[in-house]
Every structure is written in structure tokens, then in C-alpha cells.
Visitor: 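Here it is, the structure, as C-alpha cells.
Below, chain A is the first sequence line, B the second, and so on; all start at residue 1.
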Amino acid sequence: MKKNDLILIFLVAAIAVGALIWMQASKEPEADRWAVIESYGELVEVIPITESTEREIRIGDEAVYNLVIISQGEVNMIESDCPDQICVETKSASEIGDMIVCLPHQVIVYITDQPVEE
Amino acid sequence: MKSNTKKLVFLSLLVAQAMVLSWLESMIPFTPGIPGAKLGLANIVTLIALSTLDFKSCLTIVLMRTTLTSFLFGTVSSLLYSLSGGLLSLVVMALILKFLPKSFSLMAVSIIGAIAHNLGQLLMAALVIENINILYYLPFLMLLAIPTGLFVGIVTRYLLPYLKRFGFQFQ
């Protein structure tokens, strides 16, 4: 282990933590929120999120699917038949900028404060 | 001629080992819910190749292992991700070893390689899903790259002297 190595590790950690803090700070908790669902780069649905929104959205067809549930102000990918299941294991999205991605099915769900045109 | 055969055998062995390591890694339950997060054991092979072979052979190894691994255990889209990650990480690590050979140890090179791999995959993913916001995962992946990169670097450092003792040094 050289001195440069430690400097590098420290730099990497500092940049990463700095970016995380900056991302956290640039969130606006008071703003209105929308959940945007995209599949293959195409907009599927935009859903305004409130505490009382209860929705279940199925993306895909008989062969490949992702199941998204919006409940109590949180968006969660609860089911998918993708091989890696990373999207299902991702924690639920509730704040602006949060994102759930299913790369095998090219499905992306994210929360935004910008009204997206459907 | 003899040394050429030896090199060819060594190259094939490295490709085979990288494939086994990728397979082994898929058996280990390490899924923190972040796309692209993994141990990166195959990077051991890339690092060894960079320390013992010429760049062209390293490129061959990375291209062969990503293609073969994706065909055997993955999908067409996983080929895109491992190619973009594997190639970017190879090029970045090769540049460091060439131009700053004395500044960093293998551990640091391995960490930088891991981050380059993450960045390559995320950029490819951003292209595929047409949403640059996926780079949001990079800080998490960078933090993970420190322990995984260190581990890979340490393994490589202990393995290299044995390989060199048996004459596997073609630079």
C-alpha cells in the first residue's frame, strides 16, 4: 500500500459521499410528485403521487412483465420475471430523484417534480 | 516458437479462468439492489493479463471472456453491458500502468478499474434506456468499488509472483 493509494481511496470516497450529499440536498420534499414509468425509452404512464394514491400497474405482456405498486406515497416494483431481480430488490421509491430500474426489460420508474407530458 | 505456444496456452487459461470466476460470482448472493454492483472477480484476470502480457493479448482476453460469458450465462443485453464496462476498465487500467507505473500499486489500479467498469456499464445503460439519470447510481457504486477493488488488487498481488516464477511473463 503506497501513500498515493490512500490518497486515491480517500478521494474516491470523498467524491462519492460529496455527490450523495449533494443529491440529497437538491431534493425538494415539499414539491408535488409524479411517478413516471418508461419502457424501452417510451413513456408508459405518469401518475401523480399523493398519500392516498393506490395503484397497481403491470408493464409488459404475457411473456415479460414488471408489476409496480403505488401505495402510501411510495412506489415499489413488487414483481418481475427478469433474470436478475435487481428491480424487485431495489428499495421503494418515494422521494424526487429516486429510481427503480429493470435493465433486462428496459423498464425504468422514477419520481420527478416536473410535470411530464403524456 | 516454444514461447509462442506457451503464451497461447496462458491466454486460453486466463479466458477460461475469467469465465469460471464470472460463473462463481453469479453463485454468490451479493445483490444490494443496485444495477451493476458486483464483486468483479473477473477483474483479477484482467489485472494479471495487464501485468504479464502485451495490450493486444489483454484486449483479446477481455473480448473473449465477455462474449463467451454472456453467451453461456447471460443475455444479449448483458453482453452490451459487460463489453462497455470491461473495455473501458481495461483501457483505463492500461493507461495508468503505462503512464504512471510507479505512482500506484495494483490495489489502486484495481479500484480505478472497478469504477471505470461501473461507469462504462452505466453509460451503456443510459444509452439503452435513454435516460442519463441512471448515473445517479455511480456514487453508490464508487463506494462499493473501494472494498471490492482492494480485494481484487490484493488477490492479484499475491498471485503474480507465482505466475512469474513459472515463467508466465511475456512483456
Visitor: Measure across K7(B) and S57(B) and return the closest heavy-atom pair with its distance rounded to 0.1 Å.
Guide: CE-OG, 3.4 Å

Visitor: For I115(B), which atoms come within 4.5 Å of any heavy atom of chain A: side chain, backbone, both, or neither?
Guide: side chain

Visitor: In Å and rounded to the nearest 0.5 Å, what is the CD1 to CG distance from I48(B) to L14(B)?
Guide: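 Output value for this atom pair is 6.5 Å.
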
Visitor: Go through the atoms of I9(A) and report whether side chain, backbone, both or neither lie under 4.5 Å from a heavy atom of chain B.
Guide: both

Visitor: For chain B, find which of P83(A), A19(A), G97(A) contributes the most heavy-atom pairs closer than 4.5 angstrom.
Guide: G97(A)

Visitor: Does the side chain of E56(A) come within less than 4.5 Å of L67(A)'s, by heavy atoms?
Guide: yes

Visitor: Hey, are the side chains of Y65(A) and D81(A) touching, using non-hydrogen atoms and a 4.5 Å cut-off?
Guide: yes

Visitor: Name the region of I100(A), side chain, backbone, both or neither, that has any atom closer than 4.5 Å to a heavy atom of chain B.
Guide: backbone

Visitor: Using the six-membered ring wherever Trp is involved, compare the ring planes of F170(B) and F10(B) and label them parallel, tilted or perpendicular (cut-offs 30° and 60°).
Guide: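 Tilted.
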
Visitor: Could you have a look at V109(B), V128(B), L106(B), L141(B) and say which one has the most heavy-atom pairs with chain A under 4.5 angstrom?
Guide: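 Ranked by contacts with chain A, first place is V128(B).
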
Visitor: Check each atom of Q106(A) against the heavy atoms of chain B and say whether the ones under 4.5 Å are side chain, backbone, both or neither.
Guide: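 The answer is both parts of Q106(A).
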
Visitor: Side chain, backbone, both or neither: which part of L150(B) has a non-hydrogen atom closer than 4.5 Å to chain A?
Guide: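 For L150(B), the side chain is the part near chain A, not the backbone.
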
Visitor: Is chain B contacted by the side chain of M23(A), its backbone, both, or neither, given a heavy-atom distance below 4.5 Å?
Guide: side chain

Visitor: Working to the nearest 0.5 Å, report the span between OG of S22(B) and NZ of K38(B).
Guide: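 That separation rounds to 6.5 Å.
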
Visitor: What residue, out of L103(A), V17(A), I7(A), has the most heavy-atom pairs lying under 4.5 Å from chain B?
Guide: L103(A)

Visitor: Under a 4.5 Å cut-off applied to non-hydrogen side-chain atoms, are C58(B) and L90(B) in contact?
Guide: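 Side chain of C58(B) against side chain of L90(B), heavy atoms only: contact under 4.5 Å found.
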
